[in-house]
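Let me begin by presenting the structure, written as structure tokens, before commenting on it.
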Amino acid sequence: MAHGQITLEHEQSVRLLGWGIRFFLAGALTASQTPGVYAPFALGCVAAAGPGADGLAALTGTAVGAALFLSFGDALPFLAAGLLVLTATTAFRGTRAAQQNWFLPLTAGTITMTIHGIYVMQSLAPLEHLGPCLAAAVLSAAAAWFFRPLLRPGETGDLNGAVLFLAGALLLGVSDVEILGLSLGRSMLGALLIYVSYDRGLVAGVSSGLGLGLVTDLCAGTGGGLYTAAYAMGGLLAGRCQGQHRARASLVYLAAAVATLLPSSHDLGERVLAEAAVSAGVFLLLPGRLFGGKRARRAPTNASPTGERLRQRLTKAAGALRELYDSMGRLNPPSTDENPAIVFDRAAEKVCRGCALADLCWQREYTGTFNAMNDATPYLLERGRAMAKDFPGYFAARCIHLQDFITAVNGELSAFLLRRQYRRQLEETRRSARGQYAQLSELLTATAAGLEDSAPATAGGPVCRVGAVLRPRTGETVCGDTLDSFQKDDGTWCLLLSDGMGSGEGARKESALTCRLLRQFLEAGIEPEAALKTLNAAMALRGAETGSFTTIDLLTWSPRTGEASFFKYGAAPSYLKKGGVVRRITGASLPAGLRGSPALPDVTRVRLDPDSFAVMISDGVADVNRDDWLQNLLAGWEGEDPQLLANAILMESVRQEKLQDDCGIQIFYRSSEGQPVIV
């Protein structure tokens with residue numbers, strides 16, 4: 001009882017905290033207003049919060065925000081739109097449409113445009129107010145899209161992008177707060193833009209700069225696109241500094257602002273430049289852990305690189321085993337013990353179905369028959385077989401096929417006992433395996449802790465590019481395939497492709513778990529064959545409980561020897577391309593989880609010459625029995641960009657295979673010289 005009370009109190013606390021977060025976010029976002037006194041970000045928050053109490057908490061927050069930041073006349077259409085958004089999400093709860101990613105943004109944008117559009121049409125200058133109304137509708141839809149993964153647990157989406165969008169929306173709310181004549185909100189927005197560009201690269205920098213610039217110009221009412229030009233140019237140049245020193249990104253952002261504003265004669269030019277300088281300074285003051293903790297560490301003079309590499313390998317191996325242990329422990333399958341009554345049900349299907357007294361025993365006298373079976377059950381389970389004396393006299397005297405019924409019961413009872421024994425042995429094996437993984441993990445962790453710490457060594461190698469693309473099957477929003485690529489400490493390249501059983505979120509979770517575990521094993525220095533055998537054994541135990549399995553396609557390439565190795569568990573064919581020559585590499589093994597242990601993967605070792613491509617695909621890309629179109633495409637390809645080749649294969653696959661299954665493509669390209677790069 002005490003445990004139940006604690007659990008209930010914990011759940012209530014979490015629920016109250018969630019309501020409080022939605023309440024305060026919606027209230028704070030009401031302060032972020034666009035021309036025409038619209039608060040689109042708050043309406044997007046109400047939509048993303050969803051139906052029920054979560055949405056009601058967000059709507060209550062908007063009511064408080066409206067009382068604080070809006071006049072009575074402006075608050076009425078705003079609250080009416082919020083109430084209709086909550087009504088729509090509640091009315092469509094559980095429907096197929098409400099489960100689509102576009103539903104909440106479309107609902108927020110349409111209702112915002114409808115409610116505020118009525119007021120626009122009744123105004124004295126409807127054409128003049130139509131533009132801000134349209135902008136508010138678009139922003140409310142965008143807010144609902146980005147806030148979904150933040151406010152709706154279990155929703156998929158770009159969580160980092162959602163956090164950055166929320167930060168930008170909140171900062172717009174304080175853009176009117178000035179210190180020494182400079183806008184606090186816009187200065188912080190500039191720092192946020194530099195961070196996004198520096199952390200995520202050029203494309204993210206340009207897109208974020210354009211978005212923030214357009215919204216800032218809209219809110220500031222400049223009308224000349226001054227902030228759009230400055231932010232877009234700043235995001236572009238700061239994004240090009242990804243991986244370099246932060247001071248460089250800060251300086252080029254400031255230089256971009258200067259270059260943008262020099263030809264401009266706008267009155268805000270000096271203020272925008274000063275805000276850019278403040279943004280650059282704030283960016284330099286951000287803590288290093290916001291950038292993934294990527295700080296240079298000076299190795300001790302007495303440290304041993306060999307000892308450090310050994311320590312890292314042991315630590316990674318321990319982490320992989322711990323992850324494997326945790327993944328098996330997360331199953332928590334419900335009890336699968338069969339009810340002994342199934343023995344009598346199946347025996348009755350064989351003997352009683354054609355009996356003349358079937359209606360009497362199983363309908364009019366069903367209670368007596370049921371009690372007779374219950375009375376006989378303890379004797380059956382104790383002895384392992386049924387006898388006539390186990391059944392009450394009233395039932396034995398009435399049954400005209402008693403011996404046939406007992407024979408059928410004994411047959412079904414033997415099968416029942418064998419199934420129960422198998423399940424118990426399987427559970428014992430799984431429990432034993434989990435214990436072994438945990439013990440090995442603790443042993444390796446303790447061993448690694450005793451080794452000396454130092455900095456890892458680095459190695460160069462030929463230019464190697466990786467192109468990758470995923471696309472879900474028709475009707476799904478999540479791809480069940482998972483791709484990964486990385487380079488080990490010794491310079492070996494590893495490319496992983498896993499195809500989960502079926503499609504959708506369940507398949508994605510299984511394939512992602514497989515890739516994550518395999519990567520941890522490989523990074524720990526475990527040989528691919530040993531890592532795959534261990535993973536297959538664990539997946540077989542998981543599959544016995546979940547009924548799932550995954551294919552595994554692993555490519556390793558050593559810059560030192562130039563040898564490439566393909567390891568396959570039930571994976572689709574791979575292809576080697578050198579000039580106009582294409583080689584097909586196949587395997588005959590079953591997917592991981594369908595083979596008992598020990599079970600080795602199919603292994604093919606080849607030499608990967610310079611200017612060669614290694615192409616890995618999932619079975620949804622091309623049918624194994626008719627992949628001529630893919631081989632012809634590869635033979636005729638004359639480019640050097642693996643990403644362009646991956647895109648071309650996907651486009652042709654959609655035309656040929658009609659997206660009947662998830663598609664995953666990963667391509668490894670080896671050039672002649674230089675340093676390794678992932679694109």
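Treat the numbers as computed from the prediction; the structure is a model and nothing was measured.
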Could you list the donor-acceptor pairs under 3.5 angstrom formed between side-chain atoms of residues 572-581 and any protein atom two or more places apart in sequence or on another chain?
residue, atom, partner, partner atom, Å
S574, OG, D553, OD2, 3.4
S574, OG, K568, NZ, 2.7
Y575, OH, D627, OD2, 2.5
K577, NZ, G579, O, 2.4
K577, NZ, L634, O, 2.7
K577, NZ, W637, O, 2.9
K578, NZ, P610, O, 2.6

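To the nearest 0.5 Å, the span separating OG1 on T474 from CG on D662 amounts to 10.0 Å. Atom CZ in R607 sits 6.0 Å away from atom CG in D609 (nearest 0.5 Å). Going from atom OG of S589 over to atom CZ of F567 covers 12.0 Å, rounded to the nearest 0.5 Å. One finds the CG atom of L497 at 10.5 Å from the CG atom of L555 (value rounded to the nearest 0.5 Å). Atom CG of L554 and atom CE of M616 lie 6.5 Å apart (nearest 0.5 Å). Here CG of L483 is found 9.0 Å from CG of L495. Values are rounded to the nearest 0.5 Å.
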Item checked: Candidate pair D602 and Y569, rule side-chain hydrogen bond (donor to acceptor under 3.5 Å, both in side chains), full reasoning -> CA-CA 7 Å; D602 294 316; Y569 270 132; over 6 Å; no

Item checked: Worked verdict on E652 versus R655 for salt bridge (charged side-chain N to carboxylate O under 4.0 Å, His left out) -> CA-CA 5 Å; E652 184 63 19; R655 192 177 72 85; 2.6 Å; yes

Next item on the list: Assess whether side chain to side chain contact (heavy atoms under 4.5 Å, CB included) is satisfied between V624 and D619, documenting all intermediate values.
Entry: CA-CA 7 Å; V624 66; D619 58 4; over 6 Å; no

Next item on the list: Go through the steps to decide whether R670 and W557 satisfy the test side chain to side chain contact (heavy atoms under 4.5 Å, CB included), and finish with yes or no.
Entry: CA-CA 10 Å; R670 178 193 174 183; W557 179 72; 3.3 Å; yes

Next item on the list: Would you please test E523 and R519 for salt bridge (charged side-chain N to carboxylate O under 4.0 Å, His left out) and show each step?
Entry: CA-CA 6 Å; E523 287 183 332; R519 175 168 182 166; 3.0 Å; yes

Next item on the list: Check the pair V621 / E657 against side chain to side chain contact (heavy atoms under 4.5 Å, CB included), numbers first and verdict last.
Entry: CA-CA 7 Å; V621 176; E657 305 295 337; over 6 Å; no

Item checked: Full working for side chain to side chain contact (heavy atoms under 4.5 Å, CB included) between M501 and E510 -> CA-CA 8 Å; M501 181 186 70; E510 288 295 325; over 6 Å; no

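Contact of the F146 side chain with the L166 side chain is not registered, since no non-hydrogen atoms from C-beta on lie closer than 4.5 Å. Taking the side chain as every heavy atom from C-beta outward, K488 and F486 approach each other to under 4.5 Å. Put simply, the side chain of C464 reaches to within 4.5 Å of the side chain of F668, judged on heavy atoms. Within the 4.5 Å cutoff, the side chain of V466 has heavy atoms near those of the W493 side chain. In this structure the side chain of Q487 never reaches within 4.5 angstrom of the side chain of T492, judged on heavy atoms. When side chains are defined from C-beta on, Q631 counts as touching R584, because their heavy atoms get closer than 4.5 Å.
Using a distance-only test at 3.5 Å, with no hydrogens or angles considered, a donor-acceptor pair links the side chain of N647 to the main chain of Q643. Using modelled atom types, one side-chain atom of N632 and one backbone atom of D628 make a donor-acceptor pair closer than 3.5 Å. Remark: the backbone N or O of I649 is not paired with any side-chain donor or acceptor of S653 at under 3.5 angstrom.
With no hydrogens or angles considered, a side-chain donor-acceptor pair links T550 and T514 at under 3.5 Å. A donor-acceptor pair shorter than 3.5 Å can be found between the side chains of S618 and D481. Side chain to side chain, R605 and S565 meet the donor-acceptor criterion of an N or O pair below 3.5 Å. If you check the side chains of S498 and S511, you find no donor sitting under 3.5 Å from an acceptor.
Heavy-atom contacts from other residues, nucleotides or ligands closer than 6.0 Å to CZ of R248 number 12 or fewer.
The shortest heavy-atom contact between A97 and F103 is O-CB, 3.3 Å. The minimum heavy-atom distance between F521 and A531, with the atom names listed, is CB-CB, 3.7 Å. For A468 against A646, the heavy-atom pair with the smallest separation is N-CB, 4.5 Å. Here the shortest heavy-atom pairing between C479 and L470 reads SG-CD2, 4.0 Å. Closest non-hydrogen pair, A249 versus F283, comes out as CB-CE2, 4.3 Å. In this structure, P601 and L532 approach most closely via the heavy-atom pair CG-CD1, 3.7 Å.
Using a 4.0 Å cut-off between charged nitrogen and carboxylate oxygen, E505 and R508 count as a salt-bridge pair.
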